[in-house]
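Worksheet for the structure shown next.
In this chain, numbering begins with 1 at the start of the sequence shown.
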Amino acid sequence: MRVELANSAGFCYGVRRAVELAESAARADSPCTMLGAIIHNRSVVEALAAQGIGTASSPEEIPAGSAAIIRSHGEPQAVYQQLEMRGISVLDATCPNVARIHRIVQQAEAEGRQVLIIGTPEHPEVAATAGWCIHSVVLDGPQALAEWLENNPDAAASPITMVSQTTSTAEIWGACVEKAKKECTSIKIFDTICNATAKRQSEAQALAARSDAMIVIGGRESSNTRRLTELCSALCPQVLWIEGAQELEPSNLYGKASVGITAGASTPGWIIKEVYNKMSDEIMEIEESFAELLEKSIKTLNTGEKVTGVVTDITPTEIYVDLGTKHAGYIPVSELTDDPTVKVEDLVHVGDEIETYVMRVNDQEGVVTLSKKRLDTVKSWDDIEQAREDRTTVEGVVTEENKGGVVVNIKGVRVFVPASQTGLPRETPMTELVKQKVRLRITEVNRARRRVVGSIRVVAAEERAEKAKEVWDSIEEGKRYTGTVKSLTSYGAFVDIGGVDGMVHISELSWSRIKHPSEVVNIGDTVEVYVISFDTEKKKISLGMKDRSQDPWSVFTDKYQPGDVANVKIVKLMTFGAFAEIVPGVDGLIHISQIADHRIDKPGDELSEGQMVDVKITEIEYDKKRVSLSIRAVLEDAQRSGTSEEGDALVATSDAGSTEVASDFAEDGQ
């Protein structure tokens, strides 16, 4: 016969805490009385009685001079008030999960909300919870909830808070939640089913499904043991519910190949062990397995320790974590993350396994305060130190400008980057880096002083050198790049094409005549360029921006013929005449004799740079790519036709940078 014990069998942390508190009180040799059975297990109550712990059924029965032990199921608020009036000290063994429900319903009623409690009405835990608010309604399941809503039609629109008995099943609770969400318009739902209970039930079901018989150990008064029995009976052909080994008859299980054993939350380990001893001949193996399980269940916690648990509930202020110990763990939302913009529901979900850091242990209340943020910080310091040793690149966000540099946040660790290591030019304000994601190298770590220094410039230089190598390895004339304008001079613009700067001469920026590169580009602009020439040894690259496929001379000759009139822009005044732009990249010369219909001393007497005038194209020298223009011809034509129009004459070249005028245009004549 194979005998298998469910991992979660026996005491939950709330019950264990209650029993240990009572046993500790017994050892203190001071009179103590349990107010009701501290847990639903007769053997445990009898064992405590043997140690001098009596039992009373009401506050009035507590003897004078004796402390009162509040049972794990909790008590109504009125009981605490009665004990206080009698001057009786209280040892509160209420399960932390149950105590949390008391706070929820108390707060709900203070806010004027109707409290709905899903659970067994006669169960002491439910009675205690109802005693923390005046107007509560106890419903045992979805059918009762539906009937209550039907009988109270106005309730669906009123503010409601709904909680569950910790030992209810997920199926019952889920059906109630679905019904409430569908019917109620202003409801707050708190999932208060104990994760330990849910886990015990699911493990018992899985074990029952693969076993020929099941043994469920627990007191007859135990609600969660009854649930276990019901759940196992639905999946296993034979289920025995016993309180202890004395009720077990092994012969009832003869012929069974596999037997599973589980136990309610109020069943102590020694009773489970007795059942094991009676069930199996391989006692040593069972005792060893059980000892490991028992050791895990009573694991103690220490401040500063790393622990792993399962998220059981999430509230606006806290995240509850089952650590598998006698303590109830919770993470304040402020200890979840350093990022104030992140939503809690985006980081954790009920059922998630989470590793945390123990901040504080309160054995008296059975709770432990945890921090995810601090554990992350500890891990981040480890990662930072490793990054320095390995010289690896890390990423972070610049959070502030500090004296002499900036501060970068890397997984919660503040890293100082001196101004000289930011990679910014001296005249550039460091505030430009704030809120930017950067890559840097850790250069110094002093954990004792909590000081970390890094360099952005080193990483940028390495990345730039790597990109530059890629450029030089593949560069060729005519190759096109998308680059960024880094700086401007009077003679051109320097463009970063990926780790390497190339120069675009002013004559290569535009087909039009320009006086300064800023007329075409600005620092920071993204531009398309192509390689005109390069020198690998001198590390120099000449770039172009003008579109070579658009030859200005071809554009001009396609559009104009000798005798046509064009509206042109005066771009330069000379002693012998004026140059005018006909189309971008093609200039023509208006000789001084062709500027006016009368004699003038100099072109500036009639024209100014930037002026738009009408001219007649008097001559086109196709082989030399020169154009002669005349304003006078336009004026004479206008006189003949009785209109008033302007004209000019000009010689042009398709190369805006080579507007040398032939000697025959340099004569000083009209």
Does any N or O in the side chain of [X] come within less than 3.5 Å of the main-chain N or O of [Y], such that one atom is a donor and the other an acceptor?
X: Thr315; Y: Thr317; result: yes
X: Thr192; Y: Ile101; result: no
X: Arg113; Y: Ser186; result: yes
X: Glu61; Y: Ser57; result: yes
X: Ser72; Y: Ile38; result: yes
X: Asp92; Y: Thr94; result: yes
X: Lys373; Y: Ser334; result: yes
X: Ser158; Y: Ala155; result: yes
X: Arg17; Y: Pro96; result: no
X: Ser233; Y: Thr229; result: yes

For Glu178, all residues meeting salt bridge (Lys or Arg N to Asp or Glu O under 4.0 Å), sequence neighbours excluded |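 Residues passing salt bridge (Lys or Arg N to Asp or Glu O under 4.0 Å) with Glu178: none at all.
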Can you name the residues that form a salt bridge (Lys or Arg N to Asp or Glu O under 4.0 Å) with Glu122, not counting sequence neighbours?
->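 With sequence neighbours excluded, Glu122 shows a salt bridge (Lys or Arg N to Asp or Glu O under 4.0 Å) to no residue whatsoever.
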For [X] and [Y], test the side chains for any donor-to-acceptor distance below 3.5 angstrom and give the result as yes or no.
X: Ser222; Y: Ser266; value: no
X: Gln205; Y: Gln201; value: no
X: Thr169; Y: Glu171; value: no

If every non-hydrogen atom of Ser380 is compared with every non-hydrogen atom of Ile410, which pair is closest and at what distance?
->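 It is CB-O, 4.3 Å.
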Might you point out which heavy atoms bring Leu83 and Pro59 nearest each other, and give the distance in Å?
->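 The answer is CD2-CB, 4.0 Å.
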Does the salt bridge (charged side-chain N to carboxylate O under 4.0 Å, His left out) test come out yes or no for Glu111 and Lys188, once each step is laid out?
-> CA-CA 12 Å; Glu111 295 173 355; Lys188 288 184 179 179; 3.7 Å; yes
Residue pairs, two or more places apart or on separate chains, that pass ring-ring contact (aromatic ring centres under 6.0 Å, His included) and touch residues 79-103 = Tyr80-Trp132, His102-Trp132
What residue pairs, at least two apart or across chains, pass ring-ring contact (aromatic ring centres under 6.0 Å, His included) with a residue in residues 151-194?
-> none
Could you go step by step and tell me if Glu125 and Thr166 meet the side chain to side chain donor-acceptor pair (under 3.5 Å) rule?
-> CA-CA 8 Å; Glu125 178 190 317; Thr166 59; 2.7 Å; yes
Contacts of type side chain to side chain donor-acceptor pair (under 3.5 Å), residue [X], not counting sequence neighbours:
X: Glu318; answer: Tyr320
X: Glu385; answer: Arg447
X: Arg71; answer: Glu75
X: Glu109; answer: none

Val310: partners by side chain to side chain contact (heavy atoms under 4.5 Å, CB included), with sequence neighbours left out =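 Only Asn195 meet the side chain to side chain contact (heavy atoms under 4.5 Å, CB included) criterion with Val310.
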For Thr392, side chain to side chain contact (heavy atoms under 4.5 Å, CB included) partners two or more places apart =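 Thr392 satisfies side chain to side chain contact (heavy atoms under 4.5 Å, CB included) with Ala387, Asp390 once adjacent residues are dropped.
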So, are [X] and [Y] salt-bridged, with charged N and O less than 4.0 Å apart?
X: Arg16; Y: Glu23; result: no
X: Lys379; Y: Glu355; result: yes
X: Arg226; Y: Glu230; result: no

Between Thr33 and Ser66, is a side chain to side chain donor-acceptor pair (under 3.5 Å) present by the stated rule, with each step listed?
-> CA-CA 6 Å; Thr33 304; Ser66 174; 2.9 Å; yes
More than 12 foreign heavy atoms under 6.0 Å from CD of Glu150: is that the case here?
-> no
Verify the neighbour count for atom CD of Glu84: are there more than 12 heavy atoms of other residues, nucleotides or ligands below 6.0 Å?
-> no
Could you walk me through whether Thr312 and Asp191 pass the side-chain contact (heavy atoms from CB on, under 4.5 Å) test, one step at a time?
-> CA-CA 9 Å; Thr312 59; Asp191 187 355; over 6 Å; no
Which distance, rounded to the nearest 0.5 Å, do you find between the [atom1] of [X] and the [atom2] of [Y]?
X: Leu375; Y: Glu305; atom1: CG; atom2: CD; value: 11.5 Å
X: Lys372; Y: Leu370; atom1: NZ; atom2: CG; value: 12.0 Å
X: Leu91; Y: Ile53; atom1: CG; atom2: CD1; value: 8.5 Å

Any residue meeting ring-ring contact (aromatic ring centres under 6.0 Å, His included) with His123, in chain and number order, not counting sequence neighbours = His40, His73
Distance-only check: which donor-acceptor pairs under 3.5 Å involve side-chain atoms of residues 206-221, not counting sequence neighbours?
unit_1	atom_1	unit_2	atom_2	d
Arg210	NE	Glu4	OE1	3.4
Arg210	NH1	Ala206	O	3.3
Arg210	NH2	Glu4	OE2	2.7
Ser211	OG	Leu207	O	2.7
Asp212	OD2	Ala257	N	3.0
Asp212	OD2	Ser258	N	3.3
Arg220	NH1	Trp241	O	3.2
Arg220	NH2	Trp241	O	3.1
Arg220	NH2	Glu247	OE1	3.0

Passes side-chain contact (heavy atoms from CB on, under 4.5 Å), Leu35 versus Val79? Steps please.
-> CA-CA 10 Å; Leu35 186 52; Val79 170; 3.4 Å; yes
Val90 vs Ile70, side-chain contact (heavy atoms from CB on, under 4.5 Å): CA-CA, chis, key distance, verdict | CA-CA 7 Å; Val90 171; Ile70 303 296; 3.5 Å; yes
Please walk me through it: do Gln246 and Glu274 pass side chain to side chain donor-acceptor pair (under 3.5 Å)?
-> CA-CA 9 Å; Gln246 71 279 3; Glu274 284 183 351; over 6 Å; no
When you look at Val348 and Leu336, which way does the side-chain contact (heavy atoms from CB on, under 4.5 Å) test go after all the steps?
-> CA-CA 9 Å; Val348 292; Leu336 184 64; 4.3 Å; yes
